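Only a predicted model underlies this, so the values are computations on that prediction, with no experimental measurement involved. All values below were derived from every heavy atom in this structure, side-chain atoms included, with hydrogens, water molecules and symmetry-related copies excluded.
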Amino acid sequence: MTLVVWFMPVFTGTDAGSYEATAIAAVAAITAALLVVVPAVLLVAIQALSQFSWRTVRVLADRQMATWVVVAAVIGVFVPLGLAVNPSPLTTRIAFTCFVASIVIVAWVTWNSARHATPEWLVHHVARSVLRPRGRWAGGRQKLARRVAVLGDLVGSPRLPVREHRLAAVTWAVALTTQTQAGADVDDAAQTLREVGADLSREATPDHQAATAAIAAFGVRMSGSPSINDAVVDVLFDLAVQNRAAGRHQVAAEALDAVVDAVSARLAKVTPVQRVLTVVDLPPSAVDPQPAHAAASASRSRVAIPPPTVIPSMQPERDRPALERVVELTRHPVSVADLDELLHDLCPDRTSEQPLSRDAPSHGDHGYELLEATADRLIAVLASPTPTSTGWSGGHHEASGFTADIERLGRLGRRLFTGHRYSRSDAIETHLETVAAKLISTGTTPQTPTDRTGWRIAHLARRPNPASTIAAILRDLATEAFEAGYDRRALLTGRRLLALATAAATAGDHVATLAHTEAIYSFINRTTRHSRSAAVAERGALIIAGLIGESDDLRRALPAEEGDPDGAASLLRALPWQADGFEFVLAAEAWQSELRAAGWLPEARTRQPDRITAGRLPTHLRDKAFAELDSHLAAFDPTYPTALLLTLWADAVQARAGGDTAPASELAEYLADQLAELDDDQDQDDWPEGDDPSPDDGGSSHNGVPRSKILSTQLRCIVDAITVWAKTEDSAAPVIPPADESGRHLLSLLAETARTAGFRDWTYHGVADAEGSSLVVIQYTDEERILLRDEEAGARGLFSWGYSGSGPHTLAEALATHAGGALQRCTDCFGASPISLGLIDCAACANSGHRRGLADFAMLLVSRVITNLPKDPDRPSAAPKVLWTVTRAELIQSATGRRPSRTQPTVPPLPPRRSTGERRRPARSCSC
């Protein structure tokens with residue numbers, strides 16, 4: 001202004017120094033003075049907005065404001081000064097008009113700057129500029145990058161009001177997702193996330209709810225990038241640790257929940273889908289379906305492919321303006337799921353929907369390491385279960401803190417199973433087992449007085465016990481694994497519960513013992529008991545057998561006396577009765593486990609004990625055997641009652657060897673009473689028909705509880721043999737009476753059974769999955785499917801066909817066992833002779849419990865079937881495919897039929913010569 005006045009030309013005319021020139025100069029000076037207000041207002045705005053960043057000031061002092069200031073200066077200062085050189089009435093009017101216009105412009109700019117110098121206006125202005133329909137992506141990548149930077153500064157400063165902070169967080173997530181999908185470097189996006197996280201961590205009293213949800217939703221949406229996922233997980237974990245250390249436990253819990261969401265989305269990208277029971281679209285079964293009950297035929301497995309759901313059209317929702325949807329979403333607390341759905345609609349990107357990202361070098365290894373690292377970090381911040389507990393890094397802050405942390409681990413594992421994704425890492429189950437073992441009480445605390453009348457039982461909800469919380473999570477993990485078809489994973493998780501129950505029972509922690517045993521029972525009851533599918537029952541029976549085989553230590557640690565019907569011992573004994581059609585075989589295995597726990601049977605099953613040092617049967621097991629015989633002597637499957645009878649018979653034999661004849665007399669008297677009662681019931685002729693199991697699989701055709709029927713012929717022979725032995729004083733080892741077909745070879749029996757009308761046939765499909773594993777899918781006549789598994793429920797990495805190591809032989813053993821079914825069981829002792837400790841001989845099976853010929857069946861399958869199957873592919877295929885298909889009848893025919901020779905001999909071969917000293921053996925016919 002000084003320079004303008006100094007260099008302004010001076011005239012010496014009559015109008016020089018007139019009133020008009022002085023007035024015009026004064027107007028210009030006043031306008032210049034008013035222009036000083038604008039920088040002052042800008043400085044105040046800068047001071048107000050400097051708490052966010054200097055980038056936010058550029059939003060206020062934009063080009064439009066600078067343009068208006070320049071216009072006000074030109075109109076109010078330079079134009080009047082130019083008119084003051086040659087004043088006149090007209091120029092004076094023009095100068096005063098310009099003065100008024102400049103005052104209006106200055107006032108408007110000042111008022112607008114003062115009104116916009118607030119965080120609320122700043123957030124809404126940036127949100128509108130980003131989310132407006134036409135200009136959302138206008139301006140190129142640089143303009144979008146500036147908007148993302150400004151929004152990041154706003155999100156990183158939680159001094160904003162709650163609603164504006166939500167709006168800024170949601171808009172930032174939308175803009176950052178758009179920028180990344182538009183081709184921006186993912187490392188820059190990851191760096192932006194870390195900068196925002198660093199800003200959030202510097203706040204003393206933060207409100208991270210909206211920012212946490214925005215970061216997690218962005219991580220879920222961009223889960224295909226490992227660098228973005230690592231940045232999201234690191235930022236959320238840092239916020240959780242800092243807030244938990246500062247005592248802001250609710251904020252820390254929200255951050256940890258967001259970690260689970262982000263990691264689950266990443267694992268869904270890098271872990272391939274493994275639908276083991278629906279791995280391929282198998283053709284319909286070629287065998288004729290057998291008549292069955294309507295309800296059974298209409299039932300389907302729980303793991304079958306569900307029908308396609310009808311998804312309503314979301315086009316009207318997507319047609320709404322983006323700003324309107326964002327504002328509506330921010331009216332309430334933002335959740336990760338809602339924000340992820342919004343990002344999916346506003347930022348559609350086909351490349352992000354690919355199952356695997358391109359920048360991950362090894363997806364399987366990355367998923368394995370990610371799950372391991374996440375589980376380790378979640379355990380590192382685990383809260384203390386009780387106020388008096390020490391050694392927990394998270395500390396104790398509230399009653400539900402420990403429960404929430406444990407459930408968070410379980411949610412991470414369940415999401416893998418529900419998405420049919422199998423991870424090789426069992427870090428979650430391992431950590432839960434370790435924590436549960438740490439919580440087991442050693443009995444050093446004062447014991448609570450006994451509650452005899454139930455007055456301690458309140459009618460209100462109680463605080464969950466830490467042991468029951470972990471037991472429930474492990475139970476759910478095992479259930480979800482079973483539902484997804486991962487039977488071995490379900491078995492291993494169930495065995496973890498079994499090991500925890502054993503450790504708790506050994507330490508005397510009755511609460512933890514009952515909690516873990518109830519979890520085992522609930523897991524089996526939910527998956528097997530309430531399913532009408534025969535395939536599910538067969539899968540459940542395999543898992544129950546695996547649990548029973550490892551339950552000896554738990555039975556040994558539990559009290560021997562019969563206690564509460566809802567106690568741990570009763571729940572453990574109820575496990576075999578959950579698999580319909582397999583209950584009596586499993587009950588016999590459970591009885592053997594009880595005998596091993598009591599020291600009656602040796603731990604090594606192959607070693608035969610000494611008959612003299614075997615000892616007597618414990619009293620509580622002897623009483624239990626009599627009690628079980630009262631209920632199951634006339635059951636349709638004689639396996640379990642035969643095991644009980646042989647146990648009592650062997651005990652009587654041992655007692656007689658020691659000079660005590662009372663057990664033998666008591667057993668004979670008991671059996672006589674039972675036979676008399678059964679004969680009376682048989683005379684009434686009121687037994688239901690149609691309950692006989694199929695002769696080749698031993699299963700029952702009904703869906704209810706086991707019902708009694710007429711005593712089987714062979715079991716009656718055993719009862720008569722026991723009665724006769726008890727009346728004699730023969731010191732020789734008793735022998736189980738032979739049945740009519742006890743000496744038949746398994747192959748002969750299979751060949752005959754395959755020709756009967758009631759033969760149950762099914763189909764075996766050899767499948768090579770996407771990972772290169774060789775699987776065998778069994779398809780029954782009702783289109784139910786299971787995987788061929790060994791005794792330990794293993795199905796992967798075991799079987800192969802062609803010529804490749806021990807895989808064909810392992811496959812042959814599994815095929816022979818499954819195709820043989822119940823026919824491989826000895827018909828003399830019903831497979832229960834190993835329970836007699838060698839005190840009772842079974843000539844048919846030599847106390848092995850199996851019919852002769854199982855090894856021959858497997859050997860023939862290797863030479864005649866498996867070696868001729870297509871060789872496994874050297875490289876895994878892109879999609880699973882069926883390589884071969886064979887039915888059960890074809891397997892039996894291949895093993896039992898005559899193998900054609902390649903060249904037909906013209907002269908029949910001569911019989912081999914025998915040496916002179918060789919004894920002539922009688923001819924023995926065999927149809928195999």
Side-chain angles (χ1 to χ4, degrees), residues 186 190 193 212-213 215-237 240 255-276 336-337 339-341 343-344 351-381 405-432 473-474 476-486 488-490 492-493 769-771 773 796:
V186 293
L193 287 172
T212 300
I215 295 174
F218 176 71
V220 170
R221 184 59 181 158
M222 303 303 298
S223 56
S225 173
S227 57
I228 291 180
N229 181 262
D230 293 341
V232 169
V233 173
D234 291 342
V235 169
L236 293 176
F237 258 118
L256 292 176
D257 290 336
V259 167
V260 173
D261 294 334
V263 173
S264 299
R266 176 59 181 167
L267 290 176
K269 288 288 185 181
V270 299
T271 307
V273 177
Q274 295 184 4
R275 297 182 181 270
V276 293
V336 178
L339 186 52
D340 177 62
E341 182 180 359
L343 292 178
H344 183 79
T351 58
S352 64
E353 297 177 1
Q354 295 178 358
L356 297 176
S357 61
R358 298 179 179 179
D359 51 356
S362 178
H363 302 292
D365 295 340
H366 181 74
Y368 181 90
E369 296 173 357
L370 177 61
L371 184 59
E372 289 272 358
T374 304
D376 293 342
R377 298 174 77 172
L378 288 175
I379 288 295
V381 296
D405 289 347
I406 293 298
E407 290 178 349
R408 194 173 293 114
L409 272 171
R411 186 164 64 252
L412 179 60
R414 288 196 302 271
R415 286 183 178 180
L416 286 174
F417 294 141
T418 54
H420 292 275
R421 286 173 167 83
Y422 185 86
S423 175
R424 296 176 299 165
S425 173
D426 58 348
I428 296 177
E429 293 89 342
T430 302
H431 283 305
L432 290 176
I473 297 301
L474 288 174
D476 295 341
L477 288 174
T479 302
E480 295 294 344
F482 184 87
E483 296 292 344
Y486 309 138
R488 178 160 177 79
R489 188 63 168 269
L492 297 181
T493 305
D769 65 356
E771 294 185 350
S773 299
R796 291 182 177 273

Using a strict cut-off of less than 4.0 Å between a Lys/Arg side-chain nitrogen and an Asp/Glu carboxylate oxygen, indicate whether Arg489 and Asp426 qualify as a salt bridge. no
Quick one: pull up CD in Glu372 and CZ in Arg424 and give me the separation to the nearest 0.5 Å. 10.0 Å
Do Ser264 and Leu412 come within less than 4.5 Å of each other through their side chains, counting heavy atoms only? yes
Can you give me the closest heavy-atom contact between Val232 and Ala262, atom names plus distance? CG1-CB, 3.9 Å
When rounded to the nearest 0.5 angstrom, what is the spacing between CZ in Arg421 and OH in Tyr486? 8.5 Å
Quick one: are Leu409 and Ile473 in side-chain contact, heavy atoms under 4.5 Å? no
Can you see which heavy atom on Arg415 is nearest to which on Val260, and at what distance? NH1-O, 3.8 Å
Leu432 side chain near Leu477 side chain, heavy-atom distance below 4.5 Å: yes
To check you understand the geometry: which heavy-atom pair defines the closest contact between Gly224 and Pro226, and what is its length? O-CD, 3.6 Å
If you measure only the distance, is there a donor-acceptor pair under 3.5 Å linking the side chains of Thr418 and Glu480? no
With rounding to the nearest 0.5 angstrom, report the CG to CG distance, Asp230 to Leu370. 7.5 Å
Indicate the atoms forming the closest heavy-atom contact of Leu343 with Arg221, along with that distance. O-NE, 4.1 Å
Within the 3.5 Å criterion, strictly below it, is a donor on Ser225 or Ser227 matched to an acceptor on the partner's side chain? yes
Distance, nearest 0.5 Å, that separates OG1 of Thr374 from CD1 of Ile379: 12.0 Å
Candidate pair Phe417 and Thr479, rule side-chain contact (heavy atoms from CB on, under 4.5 Å), full reasoning: CA-CA 9 Å; Phe417 294 141; Thr479 302; over 6 Å; no
Which pair of heavy atoms, one from Ala240 and one from Leu256, lies closest together, and at what distance? CB-CD2, 3.6 Å
For the residue pair Phe237 and Val259, establish whether any side-chain heavy-atom pair is separated by less than 4.5 Å. yes
Run the numbers on Asn229 and Lys269 for side-chain contact (heavy atoms from CB on, under 4.5 Å), then give the verdict. CA-CA 11 Å; Asn229 181 262; Lys269 288 288 185 181; over 6 Å; no
Looking at every non-hydrogen atom in both residues, tell me the closest pair between Ala213 and Leu339 and how far apart they are. O-CD2, 3.7 Å
Note, Leu416 side chain near Leu371 side chain (heavy atom, < 4.5 Å): yes
Heavy-atom side-chain contact between Arg411 and Asp257 under 4.5 Å: yes
Rounded to the nearest 0.5 Å, what separation is found between the OH atom of Tyr422 and the OG1 atom of Thr271? 12.0 Å
First locate atom NE2 of His431, then atom CD1 of Ile406, and finally report the distance between them rounded to the nearest 0.5 Å. 11.0 Å
Taking Arg266 for its side chain and Ser223 for its backbone only, find out whether a donor-acceptor pair lies under 3.5 Å. yes
